[in-house]
Structure formats: structure tokens, C-alpha cells
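Written below as C-alpha cells is the structure these notes are about.
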Amino acid sequence: TIEKRFAIGSIVVGTVNSFFEVGYISCVMIVSYLGSKGRVPLWISCGLIAMSCGAFLFSTPQFLFTYTNPFSSGKNEHLCPEDLASNQTSVSPASCNTQTDGAYHFLPIFLCAQFLIGAGSSPILTLAPPFVDDHVPPSKAPGMIASIYAAAALGPVFGYALGALMLQTPMDLWSQNKVIDPSSTPTSPDWIGAWWVGYIVLGTGIFLGASILLMFPRTLRSSFTPYK
């Protein structure tokens with residue numbers, strides 16, 4: 001859907017997705033060192049806030065960059081037809097709808113958003129398990145730590161399910177300027193789903209979780225003795 005919305009290829013989408021790992025790798029060692037010496041819930045909360053900002057930022061190109069439906073003129077292809085024999089396009093470049101005016105201006109926003117999401121996830125996966133291990137009995141720690149990693153594994157499953165649900169809704173459902181034909185369905189070639197809604201929903205949920213963690217103390221007991 002993003003490829004169709006912004007007229008980009010799979011290489012660009014792969015580059016955007018890779019910046020999650022760039023953000024995580026860039027911050028994980030620093031966060032692990034500094035976070036272990038500070039207030040762990042605060043560090044995790046800051047990471048969640050960074051992820052929330054990244055999710056909101058990822059949806060902003062939908063509102064900053066306009067979309068022109070290439071099928072509105074009756075054509076059935078996004079690309080200009082090319083004469084392979086003469087190595088020239090069979091129509092004038094002016095008549096091709098290639099969206100070159102704002103090409104890739106949105107890319108830095110996507111890259112920064114993915115970097116923030118990756119950087120924000122680093123304290124969750126590195127500081128949360130030791131924090132749990134230090135504050136619960138040994139008999140309960142393995143199950144709680146396992147639940148953290150299980151939630152990390154099930155998170156993408158929930159995200160894909162939410163994305164699939166949102167893609168059944170047209171991109172401009174709440175917009176006054178409709179660019180998707182009202183008679184179109186999810187199987188129509190000009191259909192673009194509301195890909196941005198999921199990021200706003202998840203960003204809001206993450207921010208609420210971060211607000212709760214901000215109220216956690218450095219330790220969960222006034223006279224704390226770690227379980228060994």
C-alpha cells in the first residue's frame with residue numbers, strides 16, 4: 001500500500017524498514033549501560049515515548065503530501081508505456097503521471113520515524129528483563145520474563161492484523177477531498193487502504209503505557225533486598 005501511495009519500489013521500502021535495526025543497534029549499548037545505573041522505569045518510559053513519536057511521525061506523510069489517482073484518467077497502469085525497440089516512451093513525459101514533483105521528499109520522515117521506533121525499543125528488551133528478575137521471586141521470574149519476549153514476538157502479529165483490518169477502509173474515508181473512487185473495493189487496482197490509522201492507534205496506546213510507567217519508582221519496595 002505504501003508503495004502504491006507514494007509510487008516507490010521495494011528497495012526503498014526495504015531501506016525504510018532497515019532503519020528500525022539501525023536505531024536499535026545505535027542505541028542498545030548506550031541505553032543498556034546508562035539505564036542499568038539509573039531509574040529503569042523512566043528509561044523504559046522514555047523509550048516508549050520515542051516509539052510513540054516515531055509511530056505518529058510515520059503517519060504524517062499521508063497529510064503532508066497530496067496524492068493524485070493515476071487511474072482517474074482512465075488508464076490502467078501506473079507507469080508510462082515504453083517502446084523497447086526505440087528505447088523511448090511512446091507518450092510525452094508531460095502526460096505521464098509519475099509524481100516526480102514531490103518524489104522522495106517523504107523519505108527522510110519515514111527513515112527518522114523508523115529510527116525512533118527502533119531506538120525506543122532498545123530499553124524494553126534490555127532493561128525490562130533484569131528489572132523483573134530483581135523484583136519478583138525466583139519462582140515467578142522465568143514466566144514473567146518469558147511473557148516479555150512472547151509479547152515482543154506476538155506484537156508484529158497483532159500489528160499485521162490491525163494493518164490488514166485498516167486496509168479494508170479507504171485511505172480518504174475521513175477526508176473531504178476524495179481521491180479514491182467511492183465505487184472501488186479492496187480488490188480494485190486504484191484502491192489504497194487507510195495504512196496510516198494503525199500507526200496513530202498504536203502510537204496512542206504506547207504513549208498511554210509510557211505515562212503509566214513514568215509513575216513507577218526506582219525500586220518497587222522501600223526496603224529492597226534482591227532475590228537470589
Side-chain angles (χ1 to χ4, degrees), residues 1-28 31 44-69 99 102-125 128 148 150-180 184 186 190-214:
T1 298
I2 293 180
E3 294 179 2
K4 185 186 296 184
R5 166 63 176 85
F6 297 99
I8 56 178
S10 300
I11 296 178
V12 178
V13 175
T15 302
V16 171
N17 292 335
S18 68
F19 262 68
F20 174 89
E21 303 296 339
V22 173
Y24 179 83
I25 295 173
S26 300
C27 299
V28 63
V31 170
I44 297 177
S45 179
C46 292
L48 291 176
I49 292 176
M51 294 181 68
S52 177
C53 293
F56 290 134
L57 183 62
F58 201 92
S59 65
T60 55
Q62 169 66 25
F63 312 102
L64 297 179
F65 301 93
T66 58
Y67 172 74
T68 303
N69 192 341
Q99 301 183 359
Y104 297 107
H105 291 172
F106 53 85
L107 189 57
I109 299 178
F110 282 150
L111 297 179
C112 291
Q114 283 286 65
F115 186 92
L116 284 175
I117 296 174
S121 66
S122 59
I124 302 174
L125 300 178
I148 295 176
L154 293 176
V157 177
F158 174 78
Y160 282 121
L162 178 62
L165 179 63
M166 292 297 100
L167 290 181
Q168 302 303 311
T169 303
M171 173 186 66
D172 55 359
L173 178 64
W174 298 283
S175 175
Q176 295 181 352
N177 300 323
K178 303 293 184 181
V179 295
I180 304 298
S184 299
D190 64 335
W191 179 269
I192 298 180
W195 62 272
W196 51 273
V197 177
Y199 290 97
I200 295 179
V201 172
L202 294 178
T204 303
I206 293 173
F207 183 80
L208 293 176
S211 301
I212 296 174
L213 275 176
L214 278 176

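Residue indices begin at 1 and follow the sequence shown.
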Look at atom CZ of F20 and say whether more than 12 heavy atoms of other residues, nucleotides or ligands are closer to it than 6.0 Å. yes
When the side chains of residues 48-64 are checked against the rest of the protein, which donor-acceptor pairs come out under 3.5 Å, sequence neighbours left out?
residue: S52; atom: OG; partner: G203; partner atom: O; Å: 2.8
residue: S59; atom: OG; partner: F56; partner atom: O; Å: 2.8
residue: T60; atom: OG1; partner: L57; partner atom: O; Å: 2.6
residue: Q62; atom: OE1; partner: R5; partner atom: NE; Å: 3.1
residue: Q62; atom: OE1; partner: W195; partner atom: NE1; Å: 3.2

Of all the heavy-atom pairs spanning P156 and A152, show the shortest one and how long it is. CD-O, 3.2 Å
Find the distance between CG (L213) and CG (L208) and round it off to the nearest 0.5 Å. 11.5 Å
Do you know which two heavy atoms are closest between G118 and S121, and how far apart they sit? O-OG, 2.7 Å
How far apart are the closest heavy atoms of Q114 and V16, and which atoms are they? CG-O, 3.2 Å
Mind checking whether F110 and F106 have parallel, tilted or perpendicular rings, split at 30° and 60°? perpendicular
To check you understand the geometry: which heavy-atom pair defines the closest contact between S45 and A210, and what is its length? OG-O, 2.7 Å
How long is the straight-line distance from OH of Y199 back to CD1 of I206, given to the nearest 0.5 Å? 11.0 Å
Restricting to non-hydrogen atoms, name the atom on I200 and the atom on T204 that form the minimum distance, rounded to 0.1 Å. O-OG1, 2.8 Å
Going through the checks in order, is the side-chain contact (heavy atoms from CB on, under 4.5 Å) test met by W196 and M171? CA-CA 8 Å; W196 51 273; M171 173 186 66; 4.1 Å; yes
CG (L111) and CG (L116) are apart, to the nearest 0.5 Å, by 11.0 Å
Looking at every heavy atom in both P123 and G120, which two are closest together, and how far apart are they? CD-O, 3.2 Å
Is there a side-chain contact (heavy atoms from CB on, under 4.5 Å) between L162 and L202? Walk through the geometry before answering. CA-CA 9 Å; L162 178 62; L202 294 178; 3.9 Å; yes
Donor-acceptor contacts, no H, no angles, side chain residues 6-15, under 3.5 Å, sequence neighbours left out:
residue: S10; atom: OG; partner: E3; partner atom: OE2; Å: 3.3
residue: T15; atom: OG1; partner: I11; partner atom: O; Å: 2.9

Give a yes or no on whether the backbone of G23 and the side-chain of S26 come within a donor-acceptor separation of less than 3.5 Å. no
